[in-house]
Structures are given as C-alpha cells and as structure tokens.
There are 2 protein chains.
Amino acid sequence: MSSSKKQPTDSSKDKPNQSPVSMADLARELGVSTTTISRALSDHFSIGPAMKQKVLKLAKKYNYQPNHMASALRKGKSKLLGVIVPYIEGRFFAKVVHGIETAATKAGYNVIICQSNEDVANERRNLESLLSAQVAGVMVSLSRTTHEFHHFDKLRDRGVPLVFFDRVIEGNNVNAVLLDDREGGYLATRHLLTQGCQRIAHLAGPQHLNIYRNRLQGYFDALREAGQPADERLVRYTDMTQAQSAEATRALLALESPPDAVFAAGDYSALGAMQEARRQGLCVPTDMAIAGFSNEAFTVVAEPTITTVDQHCEEMGQATVRLLLELIGVGSNAFIPRQLSLRPELLVRDSSLREVDETQPLATAAAQP
Amino acid sequence: MSSSKKQPTDSSKDKPNQSPVSMADLARELGVSTTTISRALSDHFSIGPAMKQKVLKLAKKYNYQPNHMASALRKGKSKLLGVIVPYIEGRFFAKVVHGIETAATKAGYNVIICQSNEDVANERRNLESLLSAQVAGVMVSLSRTTHEFHHFDKLRDRGVPLVFFDRVIEGNNVNAVLLDDREGGYLATRHLLTQGCQRIAHLAGPQHLNIYRNRLQGYFDALREAGQPADERLVRYTDMTQAQSAEATRALLALESPPDAVFAAGDYSALGAMQEARRQGLCVPTDMAIAGFSNEAFTVVAEPTITTVDQHCEEMGQATVRLLLELIGVGSNAFIPRQLSLRPELLVRDSSLREVDETQPLATAAAQP
DNA sequence: TTGTATGCGTTATCAA
DNA sequence: TTGATAACGCATACAA
C-alpha cells in the first residue's frame, strides 16, 4: 500500500530532504548575501529581476519554508492570531472558529484557539498564554462570568490589537463584530405574521444578555409595524432550556385566548414549545406555528423541521479576522473603535409554514399521527 | 463601570505596565547577567538558592513573561502543537479538540488548529503551514480523501513527531490513538440482547472505513457469544445518512420475519431507523428497540431519547497529547510506534430500554400518541 | 542593485 | 556558582 511508485526517485533528483533550509543555505549556494535572499523572497523593491528569479527558483527547488519565529522575533510581529471562546463544542462557536481559521489561513496567519469554559479565570490565563506566544492580535468572545475587564488592558499596553465578537463589553470603546439580533427577532416575528398568525407569543431569554434583549425588541418592532398590540401575557421569560420553555408554553396554552404561534429566542426553547404543543394534541404548524433562533443542527432533524434564524457564523469569523488584520496593519495606534453588525437570515421550515395547507391540503399531515 | 477601585494605585506601586519585560531588563535591575536570570527561571541546577529567589521575586513583580519565539528559535523546539482535523463543526472533533487543548495548555503548550475540510490538498497546505510555524509536534485525523501519505514524510525528515487519532493510516507503523469500535458495537448489541431482543438488525456503514468494519465485527461477536446465528438479511449497508437508513429500515420491516431491534453504526442512521419504525406505527422501544453510535447532541433531544455509544472524545484528545509530548521528550528517534486503544461507553436511553415496561407497564407510553 | 553589520530574546558552551 | 560570548534565522539601517 505504501511502497509504490515514488520510492526509486528518492535519491536521483533532489536529496535536500533534510532539516529546514534557511536563507543562509540559499545564500551560500548562490554565492550572495542573506540580505539579497531576504529581499528577493519578500519582494523588496531594490532587487534585480534576474537575481530575484534565481533566488525564487532555488527556494522552490529546496522547498524553502520561512521560519516564522525568527521573522517574528526580528519584526516584533508574529504570524499568529489568538482566539478565546467560551467553548468550542456546540454549533455556533465551532462555525465562527471555522470562519476565523479560513480567513486567517488565507492571509498567511495561524490561529491559536483557547477556551475559557465560561470562566473568567481561564480567560485571564488564556490571555497570558497568548501573549507569551507572541500573537499579533487577539479575538475574544467573553466568558459569561466576565464582569471586569482589566485583564484586557495588558493587550493595549503591549500594542496587541483586540477585536471582540458576539459577546462584547458593552457601551465601551472596543472593536467588535456583532449580529443584529433585533433584526433576527423582527424577521422571525414578521414571518409568523405573514403566515396569518394572530396571537404570537415570545419565549424570551435572560434579559441581562443583550442578544436576548435585542431579539425581544425585534419581536415588539414587528408587532408594532403590523399594528398588533403587544400583549404582555404572551411574553414569557425563561432560561432558554427545553424544560422551562415547555413549562412556559403550557402556561401560554392555558390562557383564555391562547397564542397560535410562538417565537422562541433559542432553538432548544422552540423545541420545548413544540414538544409541549404536540403533547397537548395540537398540530404544528396548523394550530401552532413555531420559530426558533440559532439554526442548531437538530432543527432539521426534528419533526417537523424547525423554522429558525441563522447567524451566519462563518461570516462573523471572517469579518472578525478582517477587522483584526486591519488593526494589525495600521499599528493599532489609530484608535477609532469600530462595531460591525451582521445581518441574520431567516430559514423557513415546516414548523411555521402554513402555506402548504392551502395549496395541497393535508398532504403530509395525513402521513403522521 | 470601568473606573472603580483599580485606578489610583496605577502609578504608586508598579509602573512597569509597558512593553514586554525581557531577561535583560531583570538582569540590569539586579546587576547580574542574563545567563543567571535564564538559569534561575528555568530552574537550572547551578544556581544559588538566594539568587534564584531574588530573580523569581523580581520576575513576578514585573510580571515577566518568557518570549516563546526567542526560546524556540534558540532551542529549535517551540511550545506550539499543530492539529489537523477534517472539520471542527460537529460534536466529535470539537470535543476531541477540547481535550487536546486542555491537555496541551496544562503542559504549557499552545495549539494551532487546522481544518482540512476533508480535502487532501488542504491537508498538505496545513502541514506546510504548521511547519513554518515551527510546531513541536503534529496531531492528525486524516481527511477522507487522503489515500497517499507522502506529505507526512516531511515531518519525519524534520524530526517533528506525529500522532494520528481516530482516522489513521492503516497497517503502517505510526503512532495512533484509536477508539475500540469493535467493543462499542459489541456493547450495544449485547445490551439489545439483554433487553430480550430476538432478531437484531444492523445498519452498517461504508466498509472501507475501519471504524464501521469494527462496529460490524462487534455486532457479530455479541451475537455469536449469545449463541444467536447471524442472519445476513439483517445486515444492511448504508452511507449512514438518515434517509438511506430509513429506507433500509423499511426493507427490514418488510421481511417475513422482521427484526425487533436495530443497532445502527451511527446516530443519524439510528434516527432514520426510528423515524421509519414510528411511521409504520411501531412503538419504540417496545416493538422495535434502537441503539446508535457517537452520542450526537440530538440523541437526548429526540423522542424517545436514543441509546448510543459515547466515544470519550475528550479522553482521546488528552491521550493524543500525552503520546505526542512523550515523543517530543525522547526526541522521536526511538521509533517504536505505539497504538493506544480507548474503551467506548454505552449510554442506555429510552429507545432501547424495555425493562420499564415490566415494572411499570405503559407508564410513559400512554402519554404519547 | 548588493553587501556589511547589528540586534530581536533566549540559551548552550566555555571560561572564570 | 556566575559571567562573557556566540548563535538560532531573519530583517533592517547604513555603507559601498
């Protein structure tokens, strides 16, 4: 399986399969100085085109790979970027990190990933770790237990640019990439309205987190736009778990005029609502339309599939890298903190789609109990 | 919010809040050589205890952070580890990576993560990237499209240790950390047997992948041990998707003597089987018990919750790091390739648990349609 | 256009 | 036990 066609040529063509080739090696072979090599490889202006070609050719022949550490040591700027996320398991951060890695790689950077595990103490340790690795910049999504931000000062002191994403120090002058959660809540609610829903309930999340506040705001905005009065009894505050959301839904259904739709600020919450509704014999979406938030993996696995809001996670990662590289470029002296806001996308699925009932009545509904 | 109790002391106690403190700075302050500083900090044997204390104290006062790049450049060994995974989204690799990161951090290493996106071309690029970042070692889980392994030779040439995990070059002399998939298949099948299942079917995965071959083997082993003849009609080969698995299940249920249990080699496959069974009016687990593999997140969200096999992903990550650090320690000259095999764990959930029926007949079954 | 010299921060070698 | 020196690989100010 392994000894096929590539073995015999091993010693015939190139034998420089050894330890790393340095600029000095190339210089010696060409009888020039390392300065010339350096200039040719970094496309310096004061280099002869002929010489440049010679160097490049030789570099390719020997498969020269620049030593990032040496370069970084000399320049004071490495080709490493640091990321701190609360955790990597779960869809959201995994996808954001993927976006980060893609964008960073394209720009010739490597990415060091740290997880705070939602613990500010780890966050501090991660920062130290990244600093001693001499990263050129840092991207952070705050741990849930971070209420004090002095550990980030050290970055500024050392001139290492910092960009937050998703979870951000609020009201401060920081660089950040965010999702427009209000827009997401607005889109989901408006969709339910266009499906003909008359009484739309909202399962809201903890209001000390801006994302949930904004999703609630979007819900209100959509209702107002449609001229529907907001009924406070239709808004329930939960911790976004499946269990609490099911409970809240039970309470909603016990109202004298129960809702005919639920917009949940999270997918697990939407799932809890859906399970409770079906448990009570209601048909989703006919009797009760449902929309969630986050596009978790299970939303396409559930029955029926769940309408949700996608956060364009990868795009967030890429935008974060773009902003960070910009700051690295300018030297981070020009302190004009910027906030980018990304638009979410509504994904309409079966849990909210009533239109089908009109075109082809009870087509799929008949197949299910 | 930010200007509280830490501001006034800023200039009183320590003002070294500046650019990175180097050994030279400490040396100057103490009137000794950098050599002495280096020795004190690295706990060299030829250092006076008094001097050592003085240095350590000063280092703490100035919050000295070693420059990993300089150290790496000098020693030829960095504090960076490289990881290449097919992708990071999805539960398995995310958890393995978490385990890797935890173990690496504990040992004072940072981790650079690369994703091949199941493309061998990316895998090659990732390797180059890691090499130029001067990583001290590399951990790889092969891309699905990797059938040729010469790009890994370069690591050996440069003396950079390599450890595979989960997806491995087979039959070769490599260091690897694996899961005992046979054991997993065995445990799941045996569990179904103890639940009283008489005819257990198996939804098998692509047999060119060792993991699926081994799970199938475990299935056979359990049956043989129980004295049940293996019925070839009960083994169906699918691509492990929900759709194909549902189809295969339909075929199984159409047999003259249909199965009363299904062990699927993957959770999505198990889900497809479960959905098909219920669609045909069967009750899970009473009429048809089901077990999957991988402990995907949705297995606890599905109704009923799905019995599955957990792969101890984090442990795999930690074991991989441990093995790698060992190789880095010995210099990777001692070429005694080792294969570690981890034991999986069976997680029994509702989709296979028939015991409840005997103790409290149709307790929960009544609540559901 | 090319070369010389120097230093980034750390550590190994040798000498004191 | 401590210090002086050189070197890791690269990039820049300066000289030629």
Side-chain angles (χ1 to χ4, degrees), chain A residues 18-56 58-59 62-80 108 131-136 158-160, chain B residues 18-56 58-59 62-80 108 131-136 158-159 331:
Chain A
Q18 278 279 43
S19 44
V21 182
S22 74
M23 288 189 176
D25 298 323
L26 302 182
R28 207 175 308 114
E29 175 111 357
L30 283 183
V32 298
S33 76
T34 60
T35 310
T36 302
I37 306 293
S38 175
R39 285 206 260 251
L41 292 174
S42 57
D43 207 22
H44 195 268
F45 66 95
S46 67
I47 184 77
M51 177 58 99
K52 183 171 155 188
Q53 286 314 312
K54 278 210 314 197
V55 173
L56 259 48
L58 194 72
Y62 280 82
N63 188 29
Y64 168 80
Q65 297 295 131
N67 185 329
H68 281 178
M69 311 224 108
S71 172
L73 181 59
R74 176 63 234 256
K75 297 206 291 191
K77 291 270 169 243
S78 77
K79 283 294 194 181
L80 294 175
L131 279 175
S132 74
Q134 314 299 123
V135 293
R158 294 217 193 169
V160 177
Chain B
Q18 279 278 44
S19 45
V21 182
S22 73
M23 288 189 176
D25 297 324
L26 302 182
R28 208 176 307 115
E29 175 110 359
L30 283 183
V32 298
S33 76
T34 59
T35 310
T36 301
I37 306 293
S38 174
R39 285 206 261 249
L41 293 173
S42 57
D43 207 22
H44 195 269
F45 66 94
S46 66
I47 184 79
M51 177 59 93
K52 181 170 154 186
Q53 284 314 311
K54 278 209 315 196
V55 173
L56 259 48
L58 194 71
Y62 281 83
N63 189 29
Y64 166 80
Q65 296 295 131
N67 185 329
H68 281 178
M69 311 222 108
S71 173
L73 180 59
R74 180 60 237 250
K75 298 205 290 192
K77 291 270 167 243
S78 78
K79 283 294 193 180
L80 293 174
L131 279 175
S132 72
Q134 315 299 122
V135 293
R158 294 218 194 167

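As the structure is a computational prediction, the values presented were derived from the model and not from experiment. Residue numbers begin at 1 in each chain, while the letters A, B, ... track the order of the sequences. These numbers come from the heavy atoms of this one structure, side chains and all, not from hydrogens, waters or symmetry mates.
Residues Leu80(A) and Leu80(B) have side chains in contact (heavy-atom distance under 4.5 Å, counting atoms from C-beta outward). Residues Asn67(A) and Met23(A) have side chains not in contact (no heavy-atom distance under 4.5 Å, counting atoms from C-beta outward). Within the 4.5 Å cutoff, the side chain of Arg158(A) has heavy atoms near those of the Pro20(B) side chain.
One finds no side-chain N or O of Ser33(A) lying less than 4.0 angstrom from the OP1 or OP2 phosphate oxygen of dT2(C).
Rounded to the nearest 0.5 angstrom, Thr34(A) OG1 and Arg39(A) CZ are separated by 9.5 Å.
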>> For nucleotides 5-13 of chain D, give me one character per nucleotide, 5' to 3': B if any protein heavy atom sits under 4.0 Å from the base, S if the only such contacts are to the sugar-phosphate, - if neither.
In response: BBBBBBBB-
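Separating the CD1 atom of Ile37(B) from the P atom of dA4(D) is a distance of 13 Å, rounded to the nearest angstrom. Protein atom NZ of Lys54(B) is 15 Å distant from nucleotide atom P of dT1(D), rounded to whole Å.
Across every non-hydrogen atom of Leu41(B) and Ala59(B), the tightest pair is CD2-CB, 4.0 Å. In plain terms, the two heavy atoms of Val32(B) and Met51(B) that are nearest each other are CG1-CE, 3.2 Å. In terms of heavy atoms, Ser78(A) sits closest to Ala72(A) at CA-CB, 3.5 Å.
Only Ser46(B), Ile47(B), Gly48(B), Met51(B), listed by number, bring a heavy atom of residues 43-53 of chain B to less than 4.0 angstrom from any atom of DNA chain D.
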>> Does Leu26(A) form a side-chain contact (heavy atoms from CB on, under 4.5 Å) with Val21(A)? I'd like the steps, not just the answer.
In response: CA-CA 8 Å; Leu26(A) 302 182; Val21(A) 182; 4.0 Å; yes
